[in-house]
Number of protein chains: 2
Amino acid sequence: MAKNSNQIIKNLSTDCVIFGFDNSELKVLVIKLAVEPGKGEWALPGSNILQEENLDIAAKRVLKELTGLDNVYMEQLYTFGDVYRFPLFRVVTVAYFALVKIEDYKPEPGPKVSDAQWFSIKKLPKLPFDHNEIINYALKRLKQRVRIRPIGFELLPLKFTLSQLQNLYETIMDFDMDKRNFRKKILGMNVLVPLEKQKGVPHRAAKLYRFDKRKYDSLKEKGYNFEI
Amino acid sequence: MAKNSNQIIKNLSTDCVIFGFDNSELKVLVIKLAVEPGKGEWALPGSNILQEENLDIAAKRVLKELTGLDNVYMEQLYTFGDVYRFPLFRVVTVAYFALVKIEDYKPEPGPKVSDAQWFSIKKLPKLPFDHNEIINYALKRLKQRVRIRPIGFELLPLKFTLSQLQNLYETIMDFDMDKRNFRKKILGMNVLVPLEKQKGVPHRAAKLYRFDKRKYDSLKEKGYNFEI
DNA sequence: GCAAAAGTGTTTCCGCTACACCCATGA
DNA sequence: TCATGGGTGTAGCGGAAACACTTTTGC
């Protein structure tokens, strides 16, 4: 690798909106930086892109470095580049959004991070720069995507109940659905595999399911369109 | 304005995929540069972003400078930033796509452009860098967008017939539709205003329509969703 | 009168919606 | 036995799809 491969590109950064779902609320992971610039303020995890680093790779690296998260669903969101979005000098940022299984996430904030916290999407603090705008944009995109792509599962544990899934959709899309109709629809898609039952719940145990990506992929090839 | 406002940002550019429709084919406008780098090659119109220029503004400026196009529908598409996409040094490009009324377009190639030509989307030449990839991505996006946003009209003259409109959708989405069903659907949306009839056509004259953006906007506010 | 495209209704079918009660489990 | 959420079927409605012939115009 060339010797300048770790050099940062000063005017290019990536920021990531990380969504999580705790069975009742949609949340965003926000961090507090331990170093300047921005020390002590809550902000989206973000950092400069390196000279010899593709955008997707940069986004993954930054996520990992700042939050410890790895192997999560990520997608490029939009590029924000207003001249004065960063007050000191011009920085264009390529924003991504990530979906994580909140239960699995054990925060491992890197050395540059003094704190990391999930905030409900409804009670976000005021963040610096255009970070609130980025989150709003990500939320809008998530609402659209979740209906037509099977990505909601990324926010649930590998094994989940249909009620959890319905709850997820209701929370993100912000309206209630009929239980029977929801089950009919989702099971009719043939992309869920039934597993064993829950244990140790203080009520009738529900059946667990997992999403079968292979089945989905083969259906998609045949022209099938996921839609809720 | 600060004195460095016209300075270019060397590692940041914008490229634009310009779609047009000539009543039978979907086309992309490709230009031939009269100056280095890239002199003599067909390529997407693109150029560097300026130091004190927002992304959308840059995209519009570049479009105008290179093709003379102004006041057309534009939307940010995606940001392409593979390390070696541009062979000489690292350049990240924020791609846009534009929809133009091909009939109105009188090419006014700027001084840096020696030629500009519409190519059918099915017979594109091999373009340099990742430009073919960008076009494919734009096409994919257009196919999705045109179904759920009233943007197809941007590709037609202000006054158009229903057959032209249907033809446009069939061409972009690549399948045929039933004439009666199409008319019922589109007229049922209540976003088209009937106008006078065509004149001078060698067959029965069709009624012309125009898209009523105000009506659409007020419907949208009431929760109406455009969908074809 | 002929070629070419415009314009027009009805029936069928399928998928979405609405809707309410019994069941299993742990405390 | 009670509280909590799990699980199930059917009827009606509405929108989508299928389908073919007549009309207008210029040549």
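All heavy atoms count here, side chains included; hydrogens, waters and symmetry mates do not. First the proteins, then the strands, lettered A, B, ... as listed; each starts at 1.
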field: Donor-acceptor pair present, A/K197 side chain and C/dT25 base, under 3.5 Å
entry: no
- request: Calculate the interatomic distance between A/F182 atom CZ and D/dT8 atom C1'; express it in whole Å.
  value: 16 Å
- request: Could you check how far CE of A/M177 sits from P of D/dG7, rounded to whole Å?
  value: 18 Å
message: What is the distance, to the nearest angstrom, from the CG atom on A/D178 to the P atom on D/dT10?
response: 16 Å
query: Checking salt bridge (Lys or Arg N to Asp or Glu O under 4.0 Å) for the pair A/D56/A/K60: CA distance, chi angles, key distance, verdict?
result: CA-CA 6 Å; A/D56 291 0; A/K60 279 186 195 170; over 6 Å; no
Protein-nucleotide distance (B/N167, atom CG; C/dA5, atom P), rounded to Å: 11 Å
statement: Taking for A/L208 and for B/P202 the nucleotide of DNA chain D with the nearest heavy atom, the one nearer the 5' end belongs to A/L208
- request: Taking only the side-chain nitrogens and oxygens of B/S163, find out if one of them lies under 4.0 Å from OP1 or OP2 of C/dA6.
  value: yes
field: Under 4.0 angstrom between B/R183 side-chain N/O and C/dG7 OP1 or OP2
entry: yes
task: For A/R180 and D/dG12, give me the distance from atom CZ to atom P, rounded to whole Å.
output: 15 Å
Rounded interatomic separation in angstrom, taking CG from B/N225 and P from D/dG15: 15 Å
message: Both A/K184 and A/K199 contact DNA chain C. Which one's nearest nucleotide lies toward the 5' end?
response: A/K184
statement: Whole-Å distance, B/K179 NZ to C/dA6 P, equals 6 Å
message: Heavy-atom nearest nucleotide on DNA chain C for B/H203 versus B/Y209: which residue maps closer to 5'?
response: B/H203
Contact check, side chains of A/K185 and A/E227, non-hydrogen atoms, under 4.5 Å: no
message: Tell me if the aromatic rings of B/F80 and B/Y78 count as close, with their centers under 6.0 Å from one another.
response: yes
query: Taking C-beta and beyond as the side chain, do B/I134 and B/T93 meet within less than 4.5 Å on heavy atoms?
result: yes
query: For A/K207, which contact category applies under a 4.0 Å heavy-atom criterion: base, sugar-phosphate, or nothing?
result: sugar-phosphate
field: Any side-chain heavy-atom pair of B/L155 and B/I102 under 4.5 Å
entry: no
- prompt: In whole angstroms, how far is the P atom of C/dT11 from the CG atom of B/N181?
  reply: 15 Å
